[in-house]
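Everything quoted here is computed from the prediction, not taken from an experiment.
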Amino acid sequence: MKIAYISYEYPPDTAVGGIATYVQQVSRMMLERGHTVEVFCASTHRTVTEVVDGIKVNRVLCTDREIFHYVILPFFEAANEAGKFDLMESPEFSGDGLSIKRNFMHIPLVVRLHIPWFLVDIINNHYLTYLQKCRFIISGIVRGKLYRRFWKPRNTKTDPDYLTTMLAEQIHTPSISLGDIVARKWRIDRNQILNIPNLFAPGVELLNIPPATSTNTITYIGRLEVRKGLVKLAAALAIVLKEKPFIKVKFVGGIQKSPVKGLDMKEYLLEKLKDYRDNLEFTLVPAHQIAEVYANTDICVFPSIWENFPYSCLEAMSAARGIVASREGGMKDMLEDCDGGLLIDPSNHNGIAKALIRLIDDPGLRIQLGENARKKVVTAYNNERIGVLLEENYSKLI
């Protein structure tokens, strides 16, 4: 097969999230399985076509994600003229493949769900109260302006996520939860959304970390933002640190806004945990050093309000860490059937605290859960298993 992967995100120029990781891994896997692969992506600083690890990568200078699907079209047209593609794959997010599909309706499109913007809006406005909405509207009236109510549902007639997905011959979802949500919201037959997990091939530096560490450290890895559940995590950590003052807590990730105006999330956490500031550490770590972070922690916590199929959790599973994770979204798929971690309600800070304390008090349980999680990763998400699934379903379109 000759496959085109269309994605604004692709390493290293636009390695901004999980989409970039997925596209890089899937394109390499399909190349190794004997297929011809070409990537169409954005760059923050260059326009270039290059061959990287045997994959032809077309990068277009574009810093505005909303127009990427327009500006990448000429590159696809030229590449398809040189050799016809059998199929193409795009994320639904921001409709990266929308213009290409509209101009090449005869080429089958696979849309892989990551997280549509309507769901991002819901999660980001999770803590927005009725009073805050009223104040927002009134502030516009006072200024003589009619501000767009940012919490209102997106119009499907103009939503590129929806429009791209509706053009797809196949829709894939990594997590059961995301497939259910999209099917309900966009009124798609759930049977038409195929459950195909993301592949994940952990490096030996993660697999070689001993399960039985004793660092007295809890680590959160990911962007420091509201939708990752850090509001409730702060309340939970106040309970944990009061009862276990010897515990250290490390936050690894970029800092975003908090729900309090004028405070970023680091400042918010420091304020909420001001009695325990000496227990806290905030850092950024390059990808090639991330294994050191896992090796120097006992417990990883991922309390997201909702999360699709986070690579940080897959990394923690590979490192055989004790995991406390949200039951809302794909981490339930990852951990529940293998008894690989403790699943929590992300809206219940007492439940998060109880789960963390349980793993602190019972290292035997923590180690067993970590070993179970590691076994799940290497058997369920490897290249062979996911590669066969993709080939079987891609082939149906050709």
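Val23 and Val51 are not part of a single hydrophobic cluster, where members link through side-chain heavy atoms under 4.5 Å apart. Linking Ile, Leu, Val, Met, Phe, Trp and Tyr residues whenever their side-chain heavy atoms come within less than 4.5 Å leaves Leu207 and Ile323 in two separate clusters. Connection of Phe246 to Leu359 is established within a shared hydrophobic cluster, with ILVMFWY side chains joined at heavy-atom distances below 4.5 Å, either directly or through further cluster members. Phe302 and Val285 fall within the same hydrophobic cluster, where Ile, Leu, Val, Met, Phe, Trp and Tyr residues are linked whenever their side-chain heavy atoms come under 4.5 Å apart, directly or through other members. Follow the hydrophobic side-chain contacts under 4.5 Å out from Met1 and you reach Val111 in the same cluster.
In this model, no donor atom of one side chain and acceptor atom of the other lie less than 3.5 Å apart for Glu205 and His288. Inspection of the Trp306 and Ser326 side chains reveals no N or O donor paired with an N or O acceptor under 3.5 Å. Of the N and O atoms on the side chains of Asn308 and Ser175, at least one donor lies less than 3.5 Å from an acceptor on the other residue. Asn296 and Glu292 share no donor-acceptor pair across their side chains, judged by distance under 3.5 Å alone. There is a side-chain donor-acceptor pair under 3.5 Å between Asn58 and Glu38. Checked by atom type, the side-chain pair Arg112/Asn198 shows a donor-acceptor distance below 3.5 Å. Side chains of Thr217 and Asp298: a donor-acceptor N/O pair is absent below 3.5 angstrom, by distance only. For the 3.5 Å distance criterion, the side chains of Ser90 and Asp96 fail to qualify, holding no donor opposite an acceptor. Side chain to side chain, Ser94 and Trp117 meet the donor-acceptor criterion of an N or O pair below 3.5 Å. Between the side chains of Thr213 and Arg321, a donor-acceptor pair is found at a separation under 3.5 Å. A donor atom on one side chain and an acceptor atom on the other are found under 3.5 Å apart for Glu89 and Tyr394.
Contact record, Leu270 with Leu280: CD2-CD1, 4.0 Å, taken as the closest heavy-atom pair. Nearest heavy atom pair, residue Gly262 against residue Glu267, reads O-OE1, 3.8 Å. Taking both residues in full, the closest heavy atoms of Leu167 and Lys101 are given as O-CE, 3.4 Å, listed atom of the first, atom of the second, then distance. Closest approach of Ile344 to Gly351, counting heavy atoms only: CG2-O, 3.8 Å. Contact detail for Ala234 and Leu273: the closest heavy-atom pair is O-CD2, 3.4 Å. Between Asn383 and Arg33, the closest heavy-atom pair is O-NH1, 3.9 Å.
Sparse packing is recorded around CZ of Arg358, with 12 or fewer heavy atoms of other residues, nucleotides or ligands lying under 6.0 Å away.
A distance-only check finds no donor-acceptor pair linking the side chain of Asn382 to the backbone of Ala201 [under 3.5 Å]. No donor-acceptor pair under 3.5 Å is formed between the side chain of Thr165 and the backbone N or O of Glu92. Side-chain atoms of Thr379 come within 3.5 Å of backbone atoms of Lys376 as a donor-acceptor pair (strictly under, hydrogens ignored). Judged by distance alone, the side chain of Arg374 and the main-chain N or O of Ser318 form a donor-acceptor pair under 3.5 Å. Between the side chain of Thr14 and the backbone N or O of Ala42 there is at least one donor-acceptor pair closer than 3.5 Å. With Asn372 contributing its side chain and Asp339 its backbone, the two residues share a donor-acceptor pair below 3.5 Å. Thr164 places no side-chain N or O within 3.5 Å of a backbone atom of Asp161 that could act as its donor or acceptor partner. Checked by atom type and distance alone, the side chain of Gln256 never pairs as donor or acceptor with a backbone atom of Arg223 at under 3.5 Å.
Partner of Phe118 under the ring-ring contact (aromatic ring centres under 6.0 Å, His included) criterion, out of Phe93, Tyr162, Trp186: Trp186 alone. Val231 pairs with exactly one of Ser258, Ser347, Pro259 by the side-chain contact (heavy atoms from CB on, under 4.5 Å) rule, that one being Pro259.
For the pair Pro116/Leu178, a side-chain contact is recorded, criterion being any heavy-atom separation below 4.5 Å from C-beta on. Gln170 is listed as a side-chain neighbour of Asn393, based on a closest heavy-atom distance under 4.5 Å. Counting heavy atoms from C-beta on, the side chains of Cys62 and Ile67 come closer than 4.5 Å. A heavy-atom distance below 4.5 Å is not found between the side chains of Val110 and Met88. Side chains of Leu356 and Ile218 form a contact here, defined as non-hydrogen atoms less than 4.5 Å apart. Under the 4.5 Å side-chain criterion, counting only non-hydrogen atoms from C-beta, Met334 is in contact with Phe309. Residues Ile3 and Phe85 have side chains not in contact (no heavy-atom distance under 4.5 Å, counting atoms from C-beta outward). Contact annotation: the side chain of Leu224 never approaches that of Lys228 to less than 4.5 Å [non-hydrogen atoms, C-beta and beyond].
Between Lys257 and Asp264, none of the side-chain N atoms (NZ, or NE/NH1/NH2) sits under 4.0 Å from a carboxylate O, so this pair counts as no salt bridge. A salt bridge is absent between Glu336 and Arg327: the closest approach of a Lys/Arg side-chain nitrogen to an acidic carboxylate oxygen does not fall below 4.0 angstrom. Salt-bridge check for Lys274 with Glu271: passed, with a basic side-chain N closer than 4.0 Å to an acidic carboxylate O. Ion pairing between Glu50 and Arg46 holds under the 4.0 Å rule for side-chain N and carboxylate O. In summary, Arg366 and Glu371 do not engage in a salt bridge, as defined by a charged side-chain N under 4.0 Å from a carboxylate O. Using a 4.0 Å cut-off between charged nitrogen and carboxylate oxygen, Glu169 and Lys396 do not count as a salt-bridge pair. In summary, Glu307 and Arg227 do not engage in a salt bridge, as defined by a charged side-chain N under 4.0 Å from a carboxylate O.
Remark: aromatic rings of Phe251 and Phe282 are close, center separation under 6.0 Å.
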With salt bridge (Lys or Arg N to Asp or Glu O under 4.0 Å) as the criterion, how do Asp361 and Lys244 come out once you've worked through the C-alpha distance, each side chain's angles and the decisive distance to 0.1 Å? CA-CA 10 Å; Asp361 288 343; Lys244 309 288 183 182; 2.6 Å; yes
With side-chain contact (heavy atoms from CB on, under 4.5 Å) as the criterion, how do Tyr276 and Lys242 come out once you've worked through the C-alpha distance, each side chain's angles and the decisive distance to 0.1 Å? CA-CA 8 Å; Tyr276 309 102; Lys242 182 178 181 179; 3.2 Å; yes
Check step by step if ring pair (Phe, Tyr, Trp, His ring centres under 6.0 Å) holds for Tyr311 and Tyr381. CA-CA 11 Å; Tyr311 284 99; Tyr381 308 125; 9.8 Å; no
Criterion ring pair (Phe, Tyr, Trp, His ring centres under 6.0 Å) on Tyr8 and Phe68, from CA distance to verdict: CA-CA 7 Å; Tyr8 178 89; Phe68 168 73; 5.7 Å; yes
side-chain contact (heavy atoms from CB on, under 4.5 Å) between His172 and Leu390, worked out: CA-CA 10 Å; His172 297 178; Leu390 284 179; 3.9 Å; yes
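Between Phe76 and Phe104, the two ring planes are perpendicular [angle over 60°; tilted spans 30° to 60°].
Separating the CD atom in Glu81 from the NZ atom in Lys84 is a distance of 5.0 Å, to the nearest 0.5 Å. Ile352 contributes atom CD1, which lies 13.0 Å from atom NZ of Lys354 (distance to the nearest 0.5 angstrom).
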